[in-house]
Amino acid sequence: MPFKNVTFPNLKLIHGLQKSVAEDTTFIKNARQNLEDRVKKSKWPQYSWAYQGRAISRADMEELLAFYNDVEGTHYSFKFSDPDYPELNSALLAHSTGTEWFLNIPYDTNTAGRHPIFHVNTGSLSVTVDGSPVVINSFSVNSDGLPVISVLGTVGTEVVRVSGPFWHAARFNMNLDWSLTALDQSNTPSYVTTNTIQLVERFEY
């Protein structure tokens with residue numbers, strides 16, 4: 001699971017972003033009994049994103065190409081800030097054990113989720129316990145492979161909420177192609193049109 005600690009560039013590609021979520025399941029049909037077995041291949045729902053192909057500046061294309069080469073195309077995963085939900089906003093956390101709380105994307109304001117967050121900057125997170133600000137003791141991945149934060153003094157009966165930015169781990173899910181859209185008087189490309197930029201979530205860190 002090769003992961004590289006670099007962040008997808010903030011290019012002018014957000015318009016027309018398509019986001020999907022899938023539960024990775026394999027279906028095995030039993031023709032004799034007209035039944036099917038279902039094998040769940042991932043513990044968690046998996047996001048994917050697609051930026052529609054569009055004209056961007058040559059400078060943005062060069063930045064995107066440099067990043068694509070840096071992560072070796074589809075080989076390395078990297079950090080990606082989801083434009084649809086870039087920050088936790090007073091997200092409710094579920095208790096794990098002791099002073100530890102699962103760090104997951106919530107379903108809604110009052111429902112803790114199960115989609116794990118492996119990439120945070122703890123210095124940029126703010127946490128409240130029963131409405132009062134507190135300091136995070138630590139962030140870690142527990143023995144079950146789940147991300148947790150430790151909030152000193154909690155026992156599991158409190159209401160713990162967290163706010164702040166986080167990142168998904170994602171990788172490219174396509175080859176990078178582009179065409180020359182506009183050239184200046186010197187025949188130097190000024191704008192290019194990309195193919196659809198497809199990213200798929202990986203639970204790596």
Side-chain angles (χ1 to χ4, degrees), residues 1-26 40-91 103-109 113-121 124-125 147 162-184 186-205:
M1 299 188 299
F3 170 79
K4 198 163 190 177
N5 190 23
V6 292
T7 304
F8 185 79
N10 185 23
L11 304 177
K12 301 176 183 67
L13 293 168
I14 292 177
H15 301 291
L17 173 68
Q18 180 180 357
K19 181 178 177 180
S20 303
V21 63
E23 297 274 2
D24 195 4
T25 303
T26 296
K40 189 168 168 45
K41 299 173 66 176
S42 176
K43 293 180 182 179
W44 309 295
Q46 180 185 60
Y47 289 122
S48 60
W49 303 266
Y51 291 95
Q52 296 177 0
R54 63 178 53 254
I56 62 174
S57 70
R58 179 67 179 185
D60 275 349
M61 184 66 231
E62 289 174 349
E63 183 180 4
L64 179 59
L65 178 60
F67 183 82
Y68 187 84
N69 289 335
D70 185 39
V71 297
E72 299 180 23
T74 59
H75 183 65
Y76 283 99
S77 60
F78 45 82
K79 292 195 298 186
F80 173 70
S81 178
D82 181 2
D84 182 53
Y85 191 70
E87 294 195 6
L88 298 167
N89 184 12
S90 197
L103 188 59
N104 293 333
I105 299 173
Y107 289 123
D108 56 47
T109 304
R114 66 183 183 91
H115 196 116
I117 298 172
F118 289 99
H119 298 279
V120 292
N121 178 355
S124 299
L125 294 181
V162 62
S163 299
F166 69 97
W167 294 264
H168 298 268
R171 66 164 174 81
F172 286 104
N173 199 33
M174 34 44 89
N175 295 326
L176 183 58
D177 301 314
W178 66 97
S179 59
L180 306 186
T181 304
L183 288 78
D184 62 19
S186 303
N187 272 347
T188 300
S190 55
Y191 285 89
V192 302
T193 299
T194 67
N195 60 326
T196 298
I197 308 301
Q198 301 173 34
L199 306 179
V200 61
E201 185 174 24
R202 302 284 87 183
F203 298 102
E204 300 170 351
Y205 52 93

| Is there a side-chain contact between K79 and F3, using heavy atoms and a 4.5 Å cut-off? | yes
| message | Show the nearest heavy-atom pair for residues S90 and S163, with the distance to one decimal. | response | N-OG, 2.7 Å
| Run the side-chain contact (heavy atoms from CB on, under 4.5 Å) check on L199 and N173 step by step: do they pass? | CA-CA 5 Å; L199 306 179; N173 199 33; over 6 Å; no
| message | Within the 3.5 Å criterion, strictly below it, is a donor on H115 or E201 matched to an acceptor on the partner's side chain? | response | yes
| field | Any K19 side-chain heavy atom under 4.5 Å of S48 side chain | value | no
| message | Can you tell me how far apart OG1 (T194) and CG (D177) are? Round to the nearest 0.5 Å. | response | 9.5 Å
| query | Would you find more than 12 non-hydrogen atoms of other residues, nucleotides or ligands less than 6.0 Å from Y191 atom OH? | reply | no
| query | CG of L11 to OG of S57: how many Å apart, nearest 0.5 Å? | reply | 8.5 Å
| task | Decide if the gap between the ring center of W167 and the ring center of F8 is smaller than 6.0 angstrom. | result | no
| message | Can you give me the closest heavy-atom contact between L125 and P165, atom names plus distance? | response | CD2-O, 3.8 Å
| Rounded distance (nearest 0.5 Å) linking atom CZ of F166 with atom CD1 of I117 | 4.5 Å
| Centre of Y76's six-membered ring, under 6.0 Å away, within 45 degrees of the axis: is that where NZ or CZ of K4 sits? | yes
| So Y205 and F118, would you call those rings parallel, tilted or perpendicular, with 30° and 60° as cut-offs? | parallel
| Distance-only, no hydrogens or angles: does the R114 side chain make a donor-acceptor pair with backbone N or O of I105 under 3.5 Å? | no
| message | What's the separation between atom CG in N89 and atom OG1 in T109, rounded to the nearest 0.5 Å? | response | 7.5 Å
| message | If you count every heavy atom of other residues, nucleotides or ligands that lies below 6.0 Å from N10 atom CG, does the total exceed 12? | response | no
| task | I would like to know whether D60 and V192 meet side-chain contact (heavy atoms from CB on, under 4.5 Å); could you show each step before the answer? | result | CA-CA 9 Å; D60 275 349; V192 302; over 6 Å; no
| message | Can you confirm whether or not the ring centre of Y47 sits under 6.0 Å from the ring centre of H168? | response | yes
| Main-chain N/O of G113 paired with N104 side-chain donor or acceptor, under 3.5 Å | yes
| task | Drop me the distance from L176's CG to Q198's CD, to the nearest 0.5 angstrom. | result | 11.5 Å
| Any sub-3.5 Å donor-acceptor pair from N5's side-chain atoms to F78's backbone N or O? | no
| task | State, without any angle test, whether E204 and S77 hold a side-chain donor-acceptor pair at a distance under 3.5 Å. | result | yes
| query | Quick one: does I56's side chain get under 4.5 Å of Y51's, heavy atoms only? | reply | no
| request: Count the heavy atoms of every other residue, nucleotide or ligand shown that sit under 6.0 Å from CD of E62, and state whether that count exceeds 12. | output: yes
| message | Before you tell me yes or no, could you show the steps for L180 and R58 under side-chain contact (heavy atoms from CB on, under 4.5 Å), namely the whole-Å CA-CA distance, both residues' side-chain angles and the distance that decides it to 0.1 Å? | response | CA-CA 9 Å; L180 306 186; R58 179 67 179 185; 4.3 Å; yes
| request: Determine the minimum heavy-atom distance between S81 and P86, stating which atoms define it. | output: OG-CB, 3.6 Å
| query | With side chains defined as the heavy atoms from C-beta onward, is the minimum distance between W178 and T193 less than 4.5 Å? | reply | no
| query | What is the distance from atom OG1 of T196 to atom CD of Q52, rounded to the nearest 0.5 Å? | reply | 7.0 Å
| message | Go through it in stages, so that I can follow the logic: the residues are F80 and T7, the test is side-chain contact (heavy atoms from CB on, under 4.5 Å), and I'd like the CA-CA distance, side-chain angles, deciding distance and then a yes or no. | response | CA-CA 6 Å; F80 173 70; T7 304; over 6 Å; no
| message | Can you see whether D82 engages W49 through a side-chain donor-acceptor pair at a distance of less than 3.5 angstrom? | response | yes
